[in-house]
**Student:** 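Attaching a single structure in structure tokens format; questions to follow.
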Protein chains: 2
Amino acid sequence: MYKEISLPEAHDCADCPIRHRAVCARCDADELEQLDAIKYYRSFQAGQTVVWSGDQMDFVGSVVSGIATLTQTMEDGRTQMVGLLLPSDFVGRPGREGSAYDVVATTDLVMCCFRKKPFEKMMVETPHVAQRLLEMTLDELDAAREWMLVLGRKTAREKIASLLSIIARRDATLHLRPAKGKLVFDLPLTREAMADYLGLTLETVSRQISALKRDGVIQLEGKRHVTVPDLDRLLIEAGDDSDGGMFA
Amino acid sequence: MYKEISLPEAHDCADCPIRHRAVCARCDADELEQLDAIKYYRSFQAGQTVVWSGDQMDFVGSVVSGIATLTQTMEDGRTQMVGLLLPSDFVGRPGREGSAYDVVATTDLVMCCFRKKPFEKMMVETPHVAQRLLEMTLDELDAAREWMLVLGRKTAREKIASLLSIIARRDATLHLRPAKGKLVFDLPLTREAMADYLGLTLETVSRQISALKRDGVIQLEGKRHVTVPDLDRLLIEAGDDSDGGMFA
DNA sequence: GTTCGCGCTTGATCTGGGTCAAGGATAGCA
DNA sequence: TGCTATCCTTGACCCAGATCAAGCGCGAAC
């Protein structure tokens, strides 16, 4: 249905936007050169599937720009999102043949891919890569556990507020704005994708967003552009007034 | 309420029951000696809290025997279990001060602890430890994502069947019995702990277990001793007839 | 400009699992 | 040998969120 966009320009790690946050963050010049030798870029259109669950995956890589999702699907079609991949996040698992999940681009997406075999070799030889990957994986595990609380115990309203607060804060750190007081951002997900993330139906998502808007917790311009007048208020609605869910 | 049991006997890594599965699995004799120098054993009684969420943690370690749980609690008391720690599982996160979760012993528990500072030093110097920990963390992340599907999309009956099938299979591999056909095991969790794991109430857990018993999917002797006459049947009830959730 | 399709909203109704409440079984202990 | 505490079961009722259904708004294609 879509065809992959080829990306003509070569990229230099030196001015890579995710250089200091991705799996290569700890690498020195020499190690970067090694990575450079096995890397290539791929672009995907919004909606395009990057890998199907169960399919052979001959690469691993980092999200450079755009957003992708990890989802699991049951035989009868029920689906649960299990990961939201933002720029600098890592895709794939060294030492595993196939993908355990569907990976789908929800916006236009650029990935920095490494051929798997040589990457696995580097994992063994250059501890900086393995160390950074461990750190990132531990962060993702924390995020996954935070989501288990959201999925298992929070109400629909709290779930929506939790998701909004996470996106708001991620967006703030990405644009280096202070994550407090008034925040403005665009929702990178459809109502259906939010529902899949939160274990809800899209109707419930829609209703709860309308309710938060009616109650003045958020303002909406169009369907995607959100203003949060008071982050603390949103966090209270999310059920965690201290500091709640962080993504990877 | 409880007091910690001191463990007089010294343990030798050579005849450690979790030697080949724990974080030390890849270590050679020399590395084991290094670990041996910074390790000590601690025992806890069933019900005792190992660490409180937020508390300083000056050790990391492996579960040697018994079962512990990781739980998160909201201000109003709602709790969600986010990890079930069986023998060989790792507790704690290198590079973090406090614990993010409550760790509670659900049965009598023995842990092999490493002082954190020297362990972190070893993480940098001996890649075998870091490599094994990465592998284990990736497995835990997969398990967490499997549970996100259970929490977000499965019915109460499917949730119970999922939990039973996981415990059944874990128990089978632990005792080196084939995980097929007829299985017999003891539930290591109270109804309330199961509810906390599955995002249900204890009443619903009780009702669904009764229903599965009534329908012949399981047999019960007392409240804890379970017989699964047909694992495939249980897996179908769990909503995944192929191969479903694996723990860490 | 019209039509299509997709993403979204809103209403009406239904239901799975929560809540409240009343016991039963077992084990430890005086 | 009963007392108490913990864990579990079962019933009656209720409600948050699912399901079913109708329709809106807007951008893209013709």
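First the proteins, then the strands, lettered A, B, ... as listed; each starts at 1. Computed from a prediction, not measured in an experiment: that's the story for all the values here.
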**Student:** Taking atom CG of B:Leu109 and atom CD of B:Gln48, what is their separation to the nearest 0.5 Å?
**Tutor:** 9.0 Å
**Student:** Given D:dT9, C:dG18, D:dT19, identify the nucleotide with an atom nearest to the side chain of A:Arg207.
**Tutor:**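 My answer, after comparing the listed nucleotides, is D:dT19.
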**Student:** With a 4.0 Å cut-off on heavy atoms, is A:Gly222 in touch with a base, just the backbone sugar-phosphate, or nothing at all?
**Tutor:**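 Answer is nothing: A:Gly222 stays at 4.0 Å or more from every strand.
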**Student:** C:dC8, OP1 or OP2 - any side-chain N/O from A:Arg224 closer than 4.0 Å?
**Tutor:** yes
**Student:** Measuring to OP1 and OP2 of C:dT10, would you say a side-chain N or O of A:Ser210 lies under 4.0 angstrom away?
**Tutor:**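 Yes, because at least one side-chain N or O of A:Ser210 sits under 4.0 Å from OP1 or OP2 of C:dT10.
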**Student:** Can you check the A:Ile209 CD1 to D:dG17 P distance for me, whole Å?
**Tutor:**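 For the pair A:Ile209 CD1 and D:dG17 P, the rounded distance is 14 Å.
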**Student:** With a 3.5 Å cut-off and no angle check, do the side chains of B:Asp196 and B:Thr79 form a donor-acceptor pair?
**Tutor:**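 Side-chain D/A pair, B:Asp196 to B:Thr79: present.
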**Student:** In whole angstrom, give the distance that lies between atom CG of B:Leu189 and atom P of D:dC7.
**Tutor:** 12 Å
**Student:** Round to the nearest Å and state the distance from B:Ile160 atom CD1 to C:dG16 atom C1'.
**Tutor:**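 Taking atom C1' of C:dG16 as the reference, CD1 of B:Ile160 is at 14 Å.
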**Student:** How far apart are the C-alpha atoms of A:Leu70 and A:Leu85, what are their side-chain angles, what is the distance that settles it, and do they pass the side-chain contact (heavy atoms from CB on, under 4.5 Å) test?
**Tutor:** CA-CA 8 Å; A:Leu70 292 186; A:Leu85 301 170; 4.0 Å; yes
**Student:** Between B:Arg191 and A:Leu200, just flag the one whose closest nucleotide in DNA chain D comes earlier from the 5' side.
**Tutor:**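 Here B:Arg191 is the residue nearer the 5' end.
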**Student:** Any side-chain N or O of A:Thr201 less than 4.0 Å from the OP1 or OP2 oxygen of D:dA18?
**Tutor:** yes
**Student:** Figure out the CD/C1' separation between B:Glu158 and C:dG17, and round it to whole Å.
**Tutor:** 14 Å
**Student:** Could you check A:Lys223 against A:Val205 and say which one's nearest nucleotide on DNA chain D is further toward the 5' end?
**Tutor:** A:Val205
**Student:** In this structure, how many angstroms lie between the C1' atom of C:dT10 and the CG atom of A:Leu220, rounded?
**Tutor:** 15 Å
**Student:** By nearest heavy atom, map A:Glu203 and A:Arg153 onto DNA chain C; which one lands nearer the 5' end?
**Tutor:** A:Glu203
**Student:** What integer distance in Å separates A:Gln208:CD from C:dC8:P?
**Tutor:** 16 Å
**Student:** What contact category does B:Thr190 fall into here, base, sugar-phosphate, or nothing, at under 4.0 angstrom with non-hydrogen atoms?
**Tutor:** sugar-phosphate
**Student:** Kindly determine whether B:Ser165 and B:Ser162 satisfy side chain to side chain donor-acceptor pair (under 3.5 Å), including the steps that lead there.
**Tutor:** CA-CA 5 Å; B:Ser165 73; B:Ser162 297; 5.5 Å; no
**Student:** Indicate whether any N or O donor in one side chain lies under 3.5 Å from an N or O acceptor in the other, for B:Lys182 and B:Thr227.
**Tutor:** no
**Student:** Please report the distance, rounded to the nearest Å, between CD in A:Glu192 and P in D:dT19.
**Tutor:** 13 Å
**Student:** How close or far is atom C1' of C:dC8 from atom CD of A:Glu221, stated in whole angstroms?
**Tutor:**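 Rounding to the nearest Å, CD of A:Glu221 and C1' of C:dC8 are 17 Å apart.
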**Student:** Under 4.0 Å between a side-chain N or O of B:Thr204 and OP1 or OP2 of C:dG17?
**Tutor:**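 The answer is no; no side-chain N or O of B:Thr204 sits under 4.0 Å from OP1 or OP2.
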